[in-house]
**Student:** 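Take a look at this one; I'll ask things after.
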Amino acid sequence: MVSLFYDLHVCESQLEPQTQRERVAQALRLGFDGMGLVHQAKERLLEQDRCAIKPTELAALLSATEGVGKAVEASKAKVARHGNAYTCRQFTRLNFPADDVATAQAAVANTAVTSTYDLLAVQPRSERLFALACTSLDVDIISLDLSRRLPFRFKPALVKAALARGLHFEVCFSAALWEAGARRQLFTNAQALCRETRGRNIVVSSCARTVMELRQAGSDASSLQCVAIESLHPPPAGGPYDVMNMATLFGLTQQQAQHALSRNAEAALQHAAARKAYRGLLTIQWAGVDGKPAGSAGVQGERLGPPNNGGASASSQKPAQQQQQQPQQQQQQQQQAKSLKRRGDARAGRTGLVVRAVASPVKPSAGPQDGPLAKNTKIQLGERVLPRQWYNILADLDKPMPPPLNPKTMQPVTVDDLVPIFPMGLIEQEVSLERYIDIPDEVREVYKLWRPTPMYRARRLEKALQTPARIYYKYEGVSPAGSHKPNTAVPQAYYNKREGVKRLTTETGAGQWGASLAFACSLFDLECEVRSSFDSKPYRRILMEVWGATVHSSPSDLTQCGRDILARMPDTPGSLGIAISEAVEVAAQDPDAKYALGSVLNHVMLHQTVIGEEALLQLEKIGEVPDLLVGCTGGGSNFAGLAFPFIREKLASKMNPVIRAVEPAACPSLSKGKYAYDFGDTAGLTPLIKMHTLGSQYVPDPIHAGGLRYHGMAPMVSHVYNLGLMEAVSIPQRECFEAAVKFARTEGILPAPESSHAVAAAVREAERCREAGEEKVVLIALSGHGLHDMTAYAKYMEGAVDNIIHTDEQLHQAWDLLPKIPEGF
């Protein structure tokens, strides 16, 4: 059915009748079927705030305004398809600002004033008032000017409370039409709101101050459309459709954007009808089809239908057989109207405003057994929904993360301490507490080479395991480098190039990160120098060199710390910590070079959250909610990328999955490490960071999952683990290879040895579900493929892979060398 479109804030009550008529006429010409006429009150409601708005008569519009006739005919046709008689829908609305709790509560309680309007909207001006509006104020709309910096955040618990109460959030955008700063603020705030609401209960209104703004907002939204977007097929031109396209830039899907101008506006009116019926009073203003003002009608809960118009009842316009209502029917209508108090299910439309108090069963969300995509093996997303922001979990944690320390001063690290090795753009992200950080367009364009990545249902693995569990995996192996690492390599190369850096130095364990940074540097014309223990992964070295990188073995005699380590341990197999020391030393000595790290640091965790943001959309698409998330952890970036957005939803009480990190038994920093300040490298060149660590002097035994051979865990992941928001287990490598081979023989994808740890944990859980007869939804972070790790698989197939377990003696020796930290940190 064709949608009826609404702009719930077309003009305000202080306008002259002629100006109001021009606004209403313009809205009709643009294709809107319903308009909101607003009275803007001061915070304290007075008797003079009673509704005095008179709807513009349809006859006056048709006779005095050019081009309205065709618009009215088009609107009539749409309304007729909804089975209703046509009227020029004009809703009266009261807006009141809220600075003080007592005054706001008194305003809502003043029904002598508020009941004279169709809609009631609050404009909160503080965090306390926003919380009050979401949780208890009896209003219909929370109206927000998002073109300026808000004095509050959209906390998940508050947004959830507002949605549960049926409230709607209004996005007003006309203030951002003319000024670039206001536009940026609008998009930042609107995207945050849409992300927290998941696109639900959003109403988009023009709030136009002039007829030109209404025209600009409706028929030429290009000033706000900063990028090309896919429109409807075929795309209608102008009017609500341009506003819908603009709304997709806020993060709404095309359907959600349409609902923001149609269904959600109708739902707000329904909420108003239910609210007023609950209070036993409903006042409606009319503009009838014959152009005569219909006045107001007080409805005492049980009364249905439009008020008398010129002395004739609404039923007089229906066939005679419908005019005669039996007492039983009247009693049923009265019972239905009274049920508004229980159901809140009135339908208020200005089709002459008919309030139908009828039961409207809610259709449940499609579950995994009945959804249209229930049988799909592969769940994909289009480029249009590629995330536009990275998520920062620190904004949602109650306890702040311990700061990194300068090892020389033992004081928190300053920006100046980081400038020698990182560009300012990444330093700002490293210390940011903002919930969302915009992804540059240049980075998103590169992301489109492989993102959004697919999610799969592991049906064949489920069958092989004979488990009732439903297993899904988010597969990052489709990237050019074959893993999740380009998600951060690309933005790191971009920010360095933007600041004039010519060369990046880094380290790599399994070669995934080195190859990814080499790929990113080739796109942004940067030199790349990688240090790696590459003997076991020769093809990774070749891949890095194909993309233009220079690769050195680590440790080497090319750096002072490399020479020192070789002097102490000539037979050392190397480690990520040693390679980090060498890469940092080189970057710090070259003014044209900076250092890039593929894990551990905060900005890396942020960049990887595109994984989890996409996964949430994919699971929502098929109606699934995970019971368990599993991901391998070395430095923590792949795990954080999937888990952090789900932890956000968990903190908001939207879901309650178990979040499980999986480590190698040879290097279990989370499950066995000490939560303490330690260096991020072996030579002690980095700041001191508080993390779960085995000790920076601990050199893990060689295992085939080289990307997990790191002594510490990302501070963000450590902090989340320390807060009890996730758990960790360690698994020996033979079990991991066994699970990986089973996965390859059923699903066709050979997991990277690192990713095999997550697969092994999922197999364990699936087998537990089989024994218990329990259905669970399990989501795996499959961080990459193992096609460049054939040497490791060859050794497993030959039976030459041993389980390597750390010893307590090794750990205590390394912990004895931890730096001494002053009290208070």
Side-chain angles (χ1 to χ4, degrees), residues 392-394 397 399-422 426-433 488 492 506-507 509 513 561 575-581 583-585 587-588 595-608 633-637 639-640 644 661 663 667-670 672-698 700 708-723 726 728 814-815 817-825:
N392 183 0
I393 196 172
L394 295 182
L397 300 180
K399 185 177 179 181
M401 192 173 73
L405 302 179
N406 184 319
K408 295 180 180 178
T409 65
M410 289 297 175
Q411 294 299 313
V413 164
T414 66
V415 170
D416 291 340
D417 294 329
L418 300 176
V419 166
I421 56 175
F422 296 118
L426 294 178
I427 293 173
E428 290 174 351
Q429 294 177 15
E430 187 68 19
V431 301
S432 175
L433 295 178
T488 185
Q492 289 194 50
T506 194
E507 77 295 323
W513 167 242
C561 66
S575 70
L576 275 174
I578 294 172
I580 290 172
S581 297
V584 170
E585 178 184 322
Y595 169 67
L597 184 60
S599 193
V600 180
L601 297 181
N602 295 359
H603 64 266
V604 180
M605 306 297 119
L606 266 62
H607 299 162
Q608 294 292 353
T633 49
S637 65
F639 173 81
F644 282 2
E663 312 179 286
C667 199
S669 57
L670 275 175
K672 295 294 185 180
K674 180 177 290 187
Y675 189 45
Y677 273 99
D678 196 6
F679 290 103
D681 69 318
T682 302
L685 299 180
T686 67
L688 292 168
I689 50 180
K690 194 163 188 180
M691 59 182 175
H692 286 83
T693 178
L694 303 175
S696 59
Q697 299 306 307
Y698 177 81
L708 307 184
R709 285 185 66 239
Y710 183 60
H711 66 272
M713 184 54 60
M716 271 189 172
V717 176
S718 295
H719 186 54
V720 168
Y721 181 68
N722 203 50
L723 293 176
M726 53 172 281
W815 288 340
L817 299 175
L818 287 175
K820 306 301 180 184
I821 305 299
E823 292 185 8
F825 290 107

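Note that the structure is predicted; figures quoted are calculated from it, not measured. All residue numbers in this chain count up from 1 along the given sequence. All values below were derived from every heavy atom in this structure, side-chain atoms included, with hydrogens, water molecules and symmetry-related copies excluded.
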**Student:** Does any part of the side chain of H711, heavy atoms only, come nearer than 4.5 Å to the side chain of D678, both counted from C-beta?
**Tutor:** yes
**Student:** Between L688 and P819, what is the shortest heavy-atom contact and its length?
**Tutor:** CD2-CG, 3.5 Å
**Student:** Do I427 and H603 have side chains that get closer than 4.5 Å, going by heavy atoms?
**Tutor:** no
**Student:** To the nearest 0.5 Å, what is the distance between OG1 on T506 and CH2 on W513?
**Tutor:** 5.5 Å
**Student:** For D417, run the side chain to side chain contact (heavy atoms under 4.5 Å, CB included) check against V415, T414, I421 and tell me which one passes.
**Tutor:** T414
**Student:** I'd like to check S637 versus T488 (side-chain heavy atoms, cut-off strictly below 4.5 Å). Are they in contact?
**Tutor:** no
**Student:** Drop me the distance from S696's OG to L817's CG, to the nearest 0.5 angstrom.
**Tutor:** 7.5 Å
**Student:** Please find the pair of heavy atoms, one from P822 and one from M410, that lie closest to each other, and give the distance.
**Tutor:** CG-CB, 3.7 Å
**Student:** Quick check for you: to the nearest 0.5 Å, what is the distance between E663 atom CD and K672 atom NZ?
**Tutor:** 10.0 Å
**Student:** May I ask you to test the P715-L601 pair for a side-chain heavy-atom distance under 4.5 Å?
**Tutor:** no
**Student:** Nearest 0.5 angstrom please: M605 CE to L394 CG, how far?
**Tutor:** 11.0 Å
**Student:** Tell me, do E507 and Y595 make a side-chain contact under 4.5 Å, heavy atoms counted?
**Tutor:** yes
**Student:** If you look at every heavy atom in P687 and L418, which pair is closest and at what distance?
**Tutor:** CG-CD2, 4.3 Å
**Student:** Measure the CE-CG distance between M401 and N722 for me, rounded to the nearest 0.5 Å.
**Tutor:** 12.0 Å
**Student:** Using modelled atom types only, decide if a donor and an acceptor are shared between the side chain of Q429 and the backbone of L606 within a distance under 3.5 Å.
**Tutor:** no
**Student:** Using side-chain heavy atoms (C-beta onward) and a distance below 4.5 Å, is Y675 in contact with P402?
**Tutor:** yes
**Student:** As an exercise, state the distance from NZ of K690 to OG of S718, rounded to the nearest 0.5 Å.
**Tutor:** 10.5 Å
**Student:** Which pair of non-hydrogen atoms, one from A676 and one from T693, has the smallest distance, and what is that distance?
**Tutor:** O-CG2, 4.3 Å
**Student:** Give the C-alpha distance, both sets of side-chain angles, the deciding distance and a yes or no for side chain to side chain contact (heavy atoms under 4.5 Å, CB included) between M716 and L397.
**Tutor:** CA-CA 11 Å; M716 271 189 172; L397 300 180; over 6 Å; no
**Student:** Do the side chains of I580 and V600 get nearer than 4.5 Å, heavy atoms only?
**Tutor:** no
**Student:** Does F644 form a side chain to side chain contact (heavy atoms under 4.5 Å, CB included) with V717? I'd like the steps, not just the answer.
**Tutor:** CA-CA 9 Å; F644 282 2; V717 176; 4.0 Å; yes
**Student:** Do you know which two heavy atoms are closest between L597 and Q492, and how far apart they sit?
**Tutor:** O-NE2, 2.9 Å
**Student:** Would you say the side-chain atoms of W815 pair up with the backbone N or O of G673, donor to acceptor, closer than 3.5 Å?
**Tutor:** no
**Student:** Answer yes or no: is there a side-chain heavy-atom contact under 4.5 Å between L670 and M726?
**Tutor:** yes
